[in-house]
Amino acid sequence: MAGLQQTNSEKILLSWVRQSTRNYPQVNVINFTSSWSDGLAFNALLHSHRPDLFDWNAVAAQQSPVQRLDHAFNIARQHLGIEKLLDPEDVATACPDKKSILMYVTSLFQVLPQQVTMEAIREVEMLPRHSRVTREEHMQVHHQQRFSQEVSFLTFLLSSCCSKVVVSLTYSIRF
């Protein structure tokens with residue numbers, strides 16, 4: 001049941017984000033990972049509810065994702081009281097941590113207006129689900145690479161130890 005609740009919570013949260021950022025053509029949030037890495041989604045979400053806080057065009061024109069992320073996190077801290085829980089450098093990656101993004105967006109959800117329409121929820125249900133598989137595949141490849149590195153290291157250690165044992169035995173036999 002907990003998995004089902006989490007899925008529904010994520011759908012509602014994603015629906016709220018999509019509904020809030022609908023008028024920002026540069027922003028298309030389809031997940032809680034890669035959709036956030038350029039910093040535009042965080043800024044659009046803030047601007048959609050509090051346009052008085054900053055000039056959207058100036059932020060959208062900023063050169064780097066790290067600058068845009070830093071801007072959004074600072075605005076949320078100064079004006080909404082949300083601590084800077086994420087480092088821009090950790091989010092400005094191909095696949096930022098989903099749980100971290102969810103936690104931060106949930107913090108925004110708690111302080112900003114929360115109206116979500118059924119239409120927005122239905123729209124999220126129609127989104128392709130391949131982004132979840134991509135994350136799982138990403139983690140599987142990461143674990144395979146790590147396992148491969150560990151096996152290589154163990155092989156190195158064993159070969160190193162075995163050659164020392166052979167050298168040690170040879171040395172002992174000679175004397």
Side-chain angles (χ1 to χ4, degrees), residues 2-139 141-142:
L4 181 60
Q5 280 183 326
Q6 183 180 17
T7 301
N8 287 335
S9 297
E10 287 179 23
K11 282 182 189 176
I12 291 168
L13 199 59
L14 188 57
S15 301
W16 174 71
V17 169
R18 289 180 58 83
Q19 184 175 306
S20 298
T21 60
R22 183 168 278 137
N23 294 326
Y24 299 81
Q26 306 97 317
V27 178
N28 182 27
V29 179
I30 60 169
N31 58 39
F32 288 104
T33 55
S34 59
S35 294
W36 301 87
S37 60
D38 65 3
L40 290 172
F42 285 113
N43 280 290
L45 185 57
L46 290 167
H47 190 263
S48 70
H49 293 282
R50 294 290 308 272
D52 59 304
L53 296 180
F54 61 93
D55 176 19
W56 166 255
N57 293 323
V59 172
Q62 285 181 334
Q63 292 179 355
S64 81
V66 171
Q67 288 175 320
R68 291 189 293 262
L69 288 160
D70 194 50
H71 176 267
F73 300 155
N74 285 331
I75 290 290
R77 189 186 77 240
Q78 292 169 0
H79 298 281
L80 304 175
I82 296 174
E83 288 302 314
K84 195 173 179 180
L85 303 170
L86 302 173
D87 289 324
E89 294 80 10
D90 293 337
V91 179
T93 64
C95 195
D97 182 62
K98 180 180 179 178
K99 289 181 181 178
S100 298
I101 301 293
L102 273 167
M103 177 186 63
Y104 194 80
V105 174
T106 299
S107 298
L108 292 171
F109 183 77
Q110 291 172 343
V111 298
L112 295 171
Q114 305 169 357
Q115 294 179 322
V116 179
T117 65
M118 286 305 293
E119 177 187 341
I121 293 171
R122 281 193 285 278
E123 182 180 288
V124 164
E125 289 175 345
M126 299 304 289
L127 288 174
R129 300 200 185 271
H130 64 83
S131 60
R132 289 184 188 165
V133 174
T134 302
R135 176 70 176 162
E136 289 171 7
E137 289 173 346
H138 172 76
M139 293 306 293
V141 168
H142 174 73

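Below, all heavy atoms of this structure are taken into account, side chains as well, without hydrogens, waters or symmetry copies. Computed from a prediction, not measured in an experiment: that's the story for all the values here.
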* To do: State the CZ-CG distance between Phe32 and Leu13, to the nearest 0.5 angstrom.
  => 4.0 Å
* To do: Take Ser34 and Asn31, measure what side-chain hydrogen bond (donor to acceptor under 3.5 Å, both in side chains) needs, and give me the verdict at the end.
  => CA-CA 7 Å; Ser34 59; Asn31 58 39; 3.1 Å; yes
* Backbone of Ser64 reached by a side-chain donor or acceptor of Gln67 within 3.5 Å -> yes
* Apply side chain to side chain contact (heavy atoms under 4.5 Å, CB included) to the pair Thr33 and Ile101, showing each step before the final yes or no. => CA-CA 7 Å; Thr33 55; Ile101 301 293; over 6 Å; no
* Does the side chain of Val91 come within less than 4.5 Å of Tyr104's, by heavy atoms? -> no
* Does the side chain of Glu10 reach to within under 4.5 Å of the side chain of Lys98, using non-hydrogen atoms? -> yes
* Is there side-chain contact between Leu40 and Val59, with heavy atoms separated by less than 4.5 Å? -> no
* Distance (rounded to the nearest 0.5 Å) between Trp16 CH2 and Gln114 CD -> 7.5 Å
* Asked: CG/Asp70 to CG/Leu86 distance, rounded to the nearest 0.5 angstrom?
  -> 11.5 Å
* Note, Ser20 side chain near Val17 side chain (heavy atom, < 4.5 Å) -> no
* Hey, could you give me the OG1/CD distance between Thr21 and Gln26, rounded to the nearest 0.5 Å? => 11.0 Å
* Hey, are the side chains of Leu85 and Met103 touching, using non-hydrogen atoms and a 4.5 Å cut-off? -> yes
* To do: Indicate yes or no: at least one non-hydrogen side-chain atom of Arg77 is less than 4.5 angstrom from one of Asn74.
  => yes
* Structure fact -> Distance col, row Ser48:OG vs Arg22:CZ, nearest 0.5 angstrom, shows 11.5 Å
* Give, for atom CG of Leu108 and atom CD1 of Ile82, the distance between the pair rounded to the nearest 0.5 Å. => 4.0 Å
* To do: Measure the shortest side-chain to side-chain distance between Asn28 and Ser35 over non-hydrogen atoms and say whether it is less than 4.5 angstrom.
  => no
* How are the rings of Phe42 and Trp36 set to each other: parallel, tilted or perpendicular (split at 30° and 60°)? -> tilted
* Asked: Where is the tightest heavy-atom contact between Arg68 and Asp38, given as atom of each residue plus distance?
  -> NE-O, 2.7 Å
* Asked: Looking at Pro96 and Asp90, what are the two nearest heavy atoms and their distance?
  -> CB-O, 4.0 Å
* Sub-4.5 Å side-chain heavy-atom contact between Leu69 and Glu89 -> no
* Hey, is the main chain of His71 close enough, under 3.5 Å, to the side chain of Asn43 for a donor-acceptor pair? -> no
* For the residue pair Trp56 and His47, categorise the inter-ring angle as parallel (less than 30°), tilted (30 to 60°) or perpendicular (more than 60°). => tilted
* At their closest point, which heavy atom of His49 faces which heavy atom of Pro51, and how far apart are they? -> C-CD, 3.5 Å
* To do: Could you tell me whether Arg50 and Asp52 have a side-chain N and a carboxylate O separated by less than 4.0 Å?
  => yes
* Asked: Can you tell me if Asp97 uses its side chain to pair, donor with acceptor, with the backbone of Ser100 under 3.5 Å?
  -> yes
